[in-house]
Amino acid sequence: MGRLDGKVAIITGGNRGIGAAIARAFAAEGCAVALAARDAEKLAETAAGLEATGSMVLAAPTDVTDEAQVEALFAQTVERFGRLDLLVNNAGAFDGGPLDELSLETWEKVMAVNLRGPFLCTRAAFRIMKEQRGGRIINIASISAQRVRPNSAPYSTTKHGLWGLTQCTALDGRPYGISASCLHPGNTLNERRAQRATVQDDEPMMTCDELAETALLMASLPPHVNMLEAIVLPVEQLYVGRG
């Protein structure tokens with residue numbers, strides 16, 4: 001018997017990296033998963049891999065910054081699976097640079113993906129979970145919400161905001177049995193990092209699957225228990241006092 005048997009989850013940014021790893025972890029414990037991402041081809045590939053293991057999967061190409069597409073994602077999920085128990089707000093964008101050289105376009109792009117998207121998805125999930133009298137929302141933020149790196153103003157600002165959204169969701173959801181958690185990953189070896197050769201990427205890393213274990217723990221807690229916040233990072237990564 002899986003820890004998430006009978007549960008249904010939406011995972012944004014679910015076609016690769018951390019999102020795909022969380023989808024694998026959830027599906028392995030009996031959860032039906034709806035995967036959302038913009039890259040439809042990669043999304044179909046990831047979904048096919050999960051279906052091959054016998055998992056119940058919905059692949060829904062979605063731009064989380066678009067209100068209509070987000071509403072369609074949640075409607076499709078409920079139509080297919082009948083309910084929604086878990087939302088993982090994982091879709092994200094990374095960009096930055098010297099503060100005085102940042103373009104408004106860069107700022108707005110990161111804000112849209114990292115904050116507007118989670119808000120739209122949280123709002124849609126909240127409406128469903130409120131009717132069900134229960135559910136759990138997990139936001140994938142970053143240790144940059146606690147310790148910023150140089151030249152990361154758009155990214156770090158949004159991750160601080162996502163932690164704030166988590167607390168507001170937990171408070172507003174409490175009367176309805178809706179909990180919210182914030183997972184702050186440290187250096188994680190995803191596709192973006194693997195494709196770049198920078199000094200930063202020589203830092204200690206953990207795998208996406210290793211990080212997904214904490215997301216699974218959050219998701220599988222009893223409904224009256226919540227892990228509000230967790231920081232997960234490689235032991236040797238610079239964190240305390242960094243910056």
[X]-[Y] co-clustered via ILVMFWY side chain contacts under 4.5 Å:
X      : Y      : result
Ile178 : Leu87  : yes
Ile18  : Val57  : yes
Val33  : Leu58  : no
Val78  : Val88  : no
Phe81  : Ile138 : no

**Asked** Any donor and acceptor pair, going by atom type alone, linking the side chain of Asn226 with main-chain N or O of Ala180 inside 3.5 Å?
**Response** yes
**Request:** Please round to the nearest 0.5 Å and tell me the distance separating atom CD1 of Ile10 and atom CG of Leu73.
**Result:** 4.5 Å
**Prompt:** Could you give the distance from CZ (Arg123) to CD1 (Ile128), rounded to the nearest 0.5 Å?
**Reply:** 12.0 Å
May I ask you to test the [X]-[Y] pair for a side-chain heavy-atom distance under 4.5 Å?
X      : Y      : value
Arg38  : Gln69  : no
Phe26  : Leu216 : yes
His184 : Arg147 : no
Leu183 : Leu211 : yes
Lys159 : Asn114 : yes
Asn15  : Leu35  : no
Leu43  : Pro61  : yes
Val64  : Leu120 : no

Using a cut-off of 6.0 Å, state whether more than 12 heavy atoms not belonging to [X] lie near its atom [atom1].
X      : atom1 : answer
Glu131 : CD    : no
Arg174 : CZ    : no
Leu221 : CG    : yes

Atom of [X], atom of [Y] and distance for their closest heavy-atom approach:
X      : Y      : value
Ser156 : Ser144 : OG-CB, 3.7 Å
Leu102 : Gly97  : CD2-N, 3.9 Å
Ala124 : Val70  : CB-CG1, 4.4 Å
Met227 : Leu217 : CE-CD2, 3.5 Å
Thr169 : Phe126 : O-CE1, 4.2 Å
Ala27  : Ser55  : CB-OG, 3.3 Å

**Request:** Among residues two or more places apart or on two chains, list those pairs meeting salt bridge (Lys or Arg N to Asp or Glu O under 4.0 Å) that have a residue in residues 208-233.
**Result:** Arg24-Asp209
**Message:** Determine whether His160 and Val148 satisfy the following criterion, side-chain contact (heavy atoms from CB on, under 4.5 Å), listing intermediate values before the conclusion.
**Reply:** CA-CA 10 Å; His160 276 76; Val148 302; 3.8 Å; yes
**Asked** side-chain contact (heavy atoms from CB on, under 4.5 Å) between Thr207 and Leu189: does it pass, once the steps are laid out?
**Response** CA-CA 5 Å; Thr207 68; Leu189 190 60; 5.7 Å; no
**Message:** Suppose we screen for salt bridge (charged side-chain N to carboxylate O under 4.0 Å, His left out). Which residues come up paired with Asp172, at least two apart in sequence or across chains?
**Reply:** none
